[in-house]
Amino acid sequence: MPLLEKASAKFFGTYENLNGGWGDIAFQQMTGYPVKWFRHTIGREKMLEAIKTADDAHHVMWLEPMKKTMGLYSGHQYSLLSHINWDGKDFVQVRNPWGKGEYNGPWSDYDKKTDATKLAAFRAHVKQLKKHE
Amino acid sequence: MEFDDYMKYIGYVTVGYYLDNFKDSYFQTSLAGSYQPAYYTLNNPVKQHLYLAADAVAQYQFMDERCSDEKKTGSSAGRREVTFYMEGQS
């Protein structure tokens with residue numbers, strides 16, 4: 001990893017220039033493969049289809065919130081780990097690469113509003129999915 | 001998070017189209033137990049740079065501390081002019 005970092009630093013000029021930036025550039029630089037943006041303007045179903053297709057193919061996905069909301073910060077990129085369908089609802093699993101500062105909205109580990117039984121069933125389902133990965 | 005909230009608050013996703021199953025393509029090497037990607041591509045620019053770097057190290061003392069017009073390591077001045085000198089030059 002330090003060698004990759006050094007190669008990137010040389011590519012961009014200095015180590016300081018590696019601070020911040022876009023996942024798109026890092027991904028393309030490291031793999032040489034293309035990235036594609038899907039915006040909400042394409043509609044809910046097409047957006048969901050794009051995420052499901054990419055998830056099924058185990059492609060890498062990432063996102064940046066438009067504004068600070070539910071524990072997620074704008075100006076920071078998160079990984080989108082997977083799409084989950086449970087009880088007729090669609091969910092996405094988002095991870096902060098810092099390993100801290102998580103999503104704390106509905107259905108999260110910090111959710112106090114959703115029915116506890118439903119939450120427990122949901123978490124058991126997610127845990128089961130992880131076992132099969 | 002629920003997908004409807006995702007559409008409302010985040011609204012976009014970027015997909016990196018590397019090889020299918022790239023995320024699962026790591027294997028444990030015998031070297032220091034580290035994980036390495038199982039696949040590389042010939043058009044990988046970083047890989048090409050790594051070759052360049054290895055070649056440069058053999059001939060030059062390059063990128064040791066700072067660039068020509070930098071007062072300290074990592075100054076953004078390097079963005080304007082990046083010059084690496086051969087060994088013995090200052």
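Naming convention: chains lettered A, B, ... in sequence-line order (proteins, then strands); numbering from 1 in each chain.
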Can I get a per-line list of side-chain donor-acceptor pairs under 3.5 Å for residues 66-81 of chain A, giving both atom names and the distance, sequence neighbours left out?
{"unit_1": "A:H76", "atom_1": "NE2", "unit_2": "A:N96", "atom_2": "OD1", "d": "2.8"}
{"unit_1": "A:Q77", "atom_1": "OE1", "unit_2": "A:G23", "atom_2": "N", "d": "2.7"}
{"unit_1": "A:Y78", "atom_1": "OH", "unit_2": "A:Y73", "atom_2": "N", "d": "2.8"}

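- Within the 4.5 Å cutoff, no side-chain heavy atoms of B:F3 are placed close to those of A:H83.
- By a heavy-atom distance cut of under 4.5 Å, A:K89, A:D90, A:F91, A:V92 are the residues of residues 85-92 of chain A near chain B, going up by number.
- For the pair A:M61/B:T14, no side-chain contact is recorded, criterion being any heavy-atom separation below 4.5 Å from C-beta on.
- Taking the side chain as every heavy atom from C-beta outward, B:V13 and A:W62 never approach each other to under 4.5 Å.
- More than 12 non-hydrogen atoms from other residues, nucleotides or ligands lie less than 6.0 angstrom from CH2 of A:W37.
- Interface residue B:Y9: backbone and side-chain heavy atoms are both found under 4.5 Å from chain A.
- Scanning residues 103-115 of chain A against chain B with a 4.5 Å heavy-atom cutoff picks out A:Y103, A:P106, A:W107, ordered by number.
- Listed options A:L18, A:L48, A:I51 were ranked by heavy-atom pairs under 4.5 angstrom with chain B; first place goes to A:L48.
- Between A:H40 and B:Y6, every side-chain heavy-atom pair lies at or beyond the 4.5 Å cut-off.
- The salt bridge (Lys or Arg N to Asp or Glu O under 4.0 Å) search around A:D24 returns none, not counting sequence neighbours.
- A:P65 approaches B:I10 most closely through the heavy-atom pair CA-CG1, 4.1 Å.
- The CD atom of A:E45 sits 9.0 Å away from the CE atom of B:M7 when rounded to the nearest 0.5 Å.
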